[in-house]
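What follows is a short report on a single structure.
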Amino acid sequence: MNDSDTLINVKEIIKGLNEKQIEAVKITDGPVLVISGPGSGKTRCLTHRVAYLIYQGILPENILAVTFTNKASGEMRERVEKLLGSPSASSTSSEQASSGRFMTTPQIGTFHSIGLKILRNEAPQLGYRRNFTVFDEDDQLGLLKRVMGDLEIDAKSFNPKIILYKISELKTQLIFPENHEPKDYYSEILAKIYKKYQQELKDLNAVDFDDLIVLPVKIFKQNSETLTKYQEMWKYILVDEYQDTSHDQYVLISLLAQKYRNLFCIGDDAQSIYQFRRADIRNILNFQKDYPEAKVVMLEQNYRSTKNIITAAQEIISKNKNQIQKSLWTENNHGEKILVAETINERHEAGFVISRMEDLMKSGLGAKDFAVLYRTHAQSRAIEEALIMSGFPYQIIGGLKFYERKEIKDILAYLKLVVNPTDSLALERIYNVPTRGIGKSIIEKVRNNSEKNIVAALAVSLESKNLPPRQLTAVTDFHKLLTDIGEISEKKNLREIIKYIIKKINYEDYLREFSLSKTGDYENLEDRMENLKELQTVASKYDDLSGKEGVEKFLEEVALLQHTDKLRNDPDRITLMTIHASKGLEFPVVFIIGMEEGLFPHSRTTYNPHELEEERRLCYVAITRAKDHLILTYTKYRRIFGSSSATLPSRFIGEIPVACADWQMIDDFDADDKIYY
DNA sequence: CTGTCGTTTATTTTT
DNA sequence: TAAACGACAG
């Protein structure tokens with residue numbers, strides 16, 4: 001590649017970026033912190049930087065880009081490929097000549113997928129086998145309950161969910177069972193549980209989500225050769241959403257970047273809304289302390305929203321003390337004023353939202369242009385009911401995720417046993433699904449013999465002949481079933497294995513039975529059958545892999561994937577979701593409902609200044625989702641936990657500058673629509 | 001083992 | 001209000 005080609009390409013990469021973005025893209029060496037306000041072109045900045053690095057001659061395989069979600073990394077990968085792959089209109093035939101350089105690709109992935117990648121290679125250093133299973137939250141809780149049961153710790157005085165949260169907290173702080181010094185009674189109990197939990201995980205040859213980050217850190221700390229290997233591999237590191245990194249993720253990145261210090265972090269402290277998930281805002285606030293030589297670039301121009309919206313957002317966030325000073329601005333029009341509406345109760349509120357939508361639709365907007373945001377899931381119901389009545393198509397983001405559904409988890413449990421026959425948690429899920437007359441007591445007996453491999457353990461129990469006849473047949477059949485599945489998975493591909501399992505255990509009949517509710521209706525049966533089909537469709541991606549390999553790859557993908565939005569390709573729907581779920585998205589029209597003290601900010605945060613600041617950031621995120629129209633509603637009375645009580649408007653409403661908004665009391669928005677309330 | 005009945009508890013949840 | 005869980009009887 002000659003100079004003029006490079007020049008053309010660089011020009012191409014930089015085209016359409018603003019001055020600040022160009023600056024962020026072009027500082028290739030040394031630490032860089034980019035503070036990117038909402039709608040300031042963050043993803044563009046990231047992707048163009050990756051492309052720029054590569055055009056500067058940096059090998060793609062030396063680049064690591066880390067995101068938080070699969071969606072974000074997918075998007076990034078796609079856009080980088082586009083930038084690199086398709087020859088630009090003005091470029092010459094350099095494409096062929098340079099294409100050899102693109103044989104390798106940059107490593108783009110989520111924190112957890114990167115951690116998993118490292119761990120698959122290095123886990124033996126810590127005594128794990130390479131085919132370990134990744135536990136999701138359900139698995140973790142199941143294991144924890146078992147551990148607590150074994151330790152005879154009462155689940156009433158020690159809530160397993162809280163214990164799990166505490167363990168995770170310790171892990172995130174990189175406190176391991178061996179270096180943990182409990183200082184009071186509670187933490188002593190906790191330490192005991194933690195220790196056993198971690199040991200059991202290892203015995204099951206399993207890791208939890210935290211381990212995916214924490215264990216690589218552990219390896220890097222104890223083996224400098226391994227660390228060096230990865231430092232040499234990833235000389236250029238980019239981190240997206242840096243404000244959301246937790247301590248362990250921060251350490252992981254710090255270790256990797258230590259040698260070459262080419263660390264590019266982008267994020268927005270004002271959009272940090274995951275501290276309850278252990279995001280540590282200090283990571284971004286202290287970046288310049290950690291890297292005194294760091295360059296800082298501020299992306300403050302907003303391309304998304306009207307001036308009114310930006311002004312309101314800016315004003316609200318300015319009430320927070322802990323933040324990096326910045327001021328958003330936009331060249332967009334002032335636009336319409338923000339509408340703040342007082343309604344009577346949640347049904348009235350819902351009715352009002354819909355009548356506003358109807359009005360806006362008259363001016364040419366479609367369902368997909370609307371989003372209704374709320375603080376808590378429970379608020380979606382009133383809106384949903386009103387939408388059903390009005391007949392508008394809608395989708396709710398969140399709720400039960402695809403891979404968390406019973407029918408999916410059941411089948412996955414069978415598959416897990418194929419790959420990791422020591423996964424007794426998977427066994428616990430399905431030993432009696434479908435009903436086959438095997439209960440807890442039998443499984444206890446089986447688990448008590450020293451054989452860790454479940455199929456083998458079953459065989460041993462059969463040998464020992466200390467089972468009554470009916471149980472003996474049940475266990476014999478079950479053992480045969482597992483062996484058969486094992487055999488099939490040697491010969492067939494994933495899709496056929498799944499099909500085989502479903503058929504062999506009569507799963508559809510079982511589901512039918514299971515879905516039959518007291519009222520005699522089949523509850524969700526269609527959905528469930530649909531999901532089974534969907535599962536097989538996803539599985540067909542692995543058709544050309546051999547059985548076991550396909551199962552492994554598939555389970556891996558599933559473990560790291562949150563297959564939330566099946567409806568996403570459905571083009572024209574009103575979107576309902578929590579504010580948290582809305583981060584990173586934008587809509588022409590945004591409704592934020594339930595703007596009341598105690599709901600938003602949530603009552604559990606109002607006494608803690610830090611948590612209150614997070615609520616305010618949440619409000620900032622919500623407001624900045626809107627491009628053109630922003631409507632905030634609150635009710636005078638709201639039903640909470642059954643009983644209705646009077647409420648006060650959210651303090652955030654009072655923080656909106658008067659000039660940006662119209663206040664309205666909605667008494668009667670449309671005489672015909674009284675049915676709504 | 002299975003179903004029922006009472007008790008408990010109610011933010012947000014990128015992986 | 002409602003759903004989710006655990007205890008207990010069948």
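The shown structure was predicted, so the numbers you read here are calculated from the model rather than taken from an experiment. We name chains A, B, ... by the order of the sequence lines, and we start the count at 1 in each one.
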For [X] and [N], give me the distance from atom [atom1] to atom [atom2], rounded to whole Å.
| X | N | atom1 | atom2 | value |
| --- | --- | --- | --- | --- |
| Leu612(A) | dT11(B) | CG | C1' | 14 Å |
| Tyr165(A) | dT11(B) | OH | C1' | 12 Å |
| Ile162(A) | dT9(B) | CD1 | P | 9 Å |
| Glu614(A) | dT13(B) | CD | P | 12 Å |
| Leu373(A) | dT11(B) | CG | P | 19 Å |
| His377(A) | dT13(B) | NE2 | C1' | 8 Å |
| His247(A) | dT15(B) | NE2 | C1' | 19 Å |
| Tyr607(A) | dT11(B) | OH | P | 12 Å |

*May I have the step-by-step check of side-chain hydrogen bond (donor to acceptor under 3.5 Å, both in side chains) for Arg146(A) and Ser424(A), ending in yes or no?*
CA-CA 11 Å; Arg146(A) 199 165 96 193; Ser424(A) 61; 3.1 Å; yes
Would you classify [X] as touching base, sugar-phosphate or nothing, given that sugar-phosphate means primed atoms plus P, OP1 and OP2, and contacts are heavy atoms under 4.0 Å?
| X | value |
| --- | --- |
| Lys145(A) | sugar-phosphate |
| Glu137(A) | base |
| Arg617(A) | nothing |
| Asp244(A) | base |

*Nearest 0.5 Å please: distance from the CG atom of Leu263(A) over to the CG atom of Leu64(A).*
10.0 Å
*Where do Tyr274(A) and Phe68(A) land on the ring-ring contact (aromatic ring centres under 6.0 Å, His included) test, with the steps shown first?*
CA-CA 12 Å; Tyr274(A) 282 105; Phe68(A) 272 86; 8.3 Å; no
*Does a side-chain N or O from Thr578(A) land closer than 4.0 Å to OP1 or OP2 of dT13(B), or not?*
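Yes, because at least one side-chain N or O of Thr578(A) sits under 4.0 Å from OP1 or OP2 of dT13(B).
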*Looking at Asn70(A), does any N or O in its side chain come under 4.0 Å of the phosphate oxygens OP1/OP2 on dT15(B)?*
yes
Can a donor-acceptor pair be found between the side chains of [X] and [Y] at a distance below 3.5 Å?
| X | Y | answer |
| --- | --- | --- |
| Gln243(A) | Glu241(A) | yes |
| Ser168(A) | Arg278(A) | yes |
| Thr633(A) | Glu349(A) | yes |

_Taking the nucleotide of DNA chain B with the nearest heavy atom to each, does Arg375(A) or Thr69(A) sit closer to the 5' end?_
Arg375(A)
_Please compare Thr110(A) and Thr605(A) by the position of their nearest nucleotide in DNA chain B and report the one closer to 5'._
Thr605(A)
*Look at the side chain of Arg277(A) and the base of dT15(B), then say whether one donor and one acceptor between them are separated by less than 3.5 Å.*
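Per atom types, the contact qualifies.
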*Using the P atom in both, what is the distance from dA4(C) to dT13(B), to the nearest Å?*
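16 Å, rounded to whole Å.
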*Do Phe276(A) and the base of dT12(B) stack face to face, with centres under 5.5 Å apart and an angle between planes under 30°?*
yes
*For His580(A) and dT12(B), are the ring centres under 5.5 Å apart with planes inclined under 30°?*
no
*asked:* Students often mix this up, so state it plainly: with edges at 30° and 60°, are the rings of Phe220(A) and Tyr230(A) parallel, tilted or perpendicular?
replied: tilted
_Residues in salt bridge (charged side-chain N to carboxylate O under 4.0 Å, His left out) contact with Asp410(A), at least two apart in sequence or another chain_ =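 Result, salt bridge (charged side-chain N to carboxylate O under 4.0 Å, His left out) vs Asp410(A): Lys406(A), Arg429(A).
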*Taking heavy atoms of chain A and a 4.0 Å limit, find me the 5'-most and 3'-most nucleotide of DNA chain C within that range.*
dT1(C) to dG6(C)
